[in-house]
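Residue numbers start from 1 in every chain, and the chains themselves are labelled A, B, ... in the order their sequence lines are given, proteins ahead of strands.
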There are 2 protein chains.
Amino acid sequence: MGISKIDLFTDEQNTIAMLLKALAHPARIAIIEHLLKVNSCICGELVNELPLAQPTVSQHLKELKNAGIIKGSIEGNTTCYCIDKDTMNTIEEYFSQISKKLKNPENKCC
Amino acid sequence: MGISKIDLFTDEQNTIAMLLKALAHPARIAIIEHLLKVNSCICGELVNELPLAQPTVSQHLKELKNAGIIKGSIEGNTTCYCIDKDTMNTIEEYFSQISKKLKNPENKCC
DNA sequence: TTTTTATATTGCAATATTACGATAATGATT
DNA sequence: AATCATTATCGTAATATTGCAATATAAAAA
């Protein structure tokens, strides 16, 4: 046996895990879905939409932004957030490829 | 203002967040990718593939199984794990719909 | 039946996440 | 300038996650 256990995880694995972690909370899913629904940028009305206090919403927005899933641009004393399409497409493609592989008839198990 | 803040998150939002949380770790991404690569079921060799101790791998497998992302069937004293295609397709469709909405030309922002 | 092999569980320490009140920062309004 | 409105940050408590050594469980092999 031995060998292996040497290299840790790949950059790609770390990146996709980081992105999914940013989305892995119902409040952050709700933020994304709201951004999709209004079909444009949005700012503080999220606080009214979500069952969370303003600092908590702000914190979730920060996490989404740090992960690169949303972008925020300051406009006066409000901030306009929107989904980063490139990042979202990266995630979509990742799962799309997984699904494609799973459709392979050679993949017979369980 | 007022109103809202009454209902918490929807079942769908909680479900997708739960699924993504299960995947939101490089070790668990690596497990999924390995299951895809060998194109069939797998068991304890994951311990040799991952830079983690056996109890840790077992714990990650348990989390993936609890979330419904993989299935495990006992065969003798080994356990055969494989990806649950239905669950993975659910996730894939979720992001597919998001991407579709983002491709809408009306969606102009940032 | 003893031993070995494969996997799961327990217990625990280190760390991370979540939520929010209090407060700060900054632009807009008066 | 003083006040208001919007958003961010700090501090902190409660909880969750991660990793692993030690141990348990259970089937297979000897």
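Between His25(B) and Phe9(A), the ring planes are perpendicular. Angles over 60° get that label, and only those under 30° would be called parallel.
Among the heavy atoms of the strands lying under 4.0 Å from Lys21(A) are primed sugar atoms or P, OP1, OP2 only; no base atom is included. Contact annotation for Thr78(A): backbone-only contact, meaning every heavy-atom pair under 4.0 Å involves sugar-phosphate atoms and none involves a base. As judged by a 4.0 angstrom heavy-atom cut-off over every strand, Thr56(A) is placed among the base-contacting residues. Nucleic acid contact class of Gln59(A) (heavy atoms, under 4.0 Å, all strands): base.
The phosphate of dA8(D) has OP1 or OP2 within less than 4.0 Å of a side-chain N or O from Tyr81(A).
Comparing Leu61(B) and His60(A), the nucleotide of DNA chain C nearest to each residue sits closer to the 5' end for Leu61(B).
Whole-Å rounding puts the Glu63(B) CD to dT7(C) P distance at 18 Å. For the pair Ile29(A) CD1 and dT18(C) P, the computed distance is 12 Å after rounding to whole Å. Distance CD (Glu49(B)) to P (dT7(C)): 14 Å, rounded to an integer number of Å. In this entry the distance linking CD1 of Ile70(B) with P of dT7(C) reads 12 Å, nearest Å. Taking atom CG of Leu52(B) as the reference point, atom C1' of dG19(D) lies 8 Å away to the nearest angstrom. In this structure, Leu46(B) places its CG atom 15 Å from C1' of dA8(C), rounding to the nearest Å. If you take NE2 of His25(B) and C1' of dT15(C), they are 12 Å apart, rounded to a whole angstrom. dT7(D) atom P lies 16 Å from atom NZ of Lys62(A), rounded to whole Å.
Under the 3.5 Å distance criterion, the side-chain polar atoms of Ser99(B) are left unmatched by any main-chain donor or acceptor of Glu92(A). When atom types are taken as modelled, the side chain of Arg28(A) and the backbone of Leu64(A) share no donor-acceptor pair closer than 3.5 angstrom.
The nearest pair of heavy atoms linking Glu45(A) to His34(A) is OE2-NE2, 3.4 Å. Across every non-hydrogen atom of Ile83(A) and Leu102(B), the tightest pair is CG2-CD1, 3.8 Å.
The environment of Glu12(A) atom CD is sparse: at most 12 non-hydrogen atoms of other residues, nucleotides or ligands sit within 6.0 angstrom.
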Going 5' to 3' through nucleotides 21-27 of chain D, assign each nucleotide B (protein heavy atom under 4.0 Å from a base atom), S (under 4.0 Å only from sugar-phosphate atoms) or - (no protein heavy atom that close).
-> BB----B

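Hydrophobic clustering (side-chain heavy atoms under 4.5 Å, transitive across Ile, Leu, Val, Met, Phe, Trp, Tyr) keeps Tyr81(A) apart from Ile74(A).
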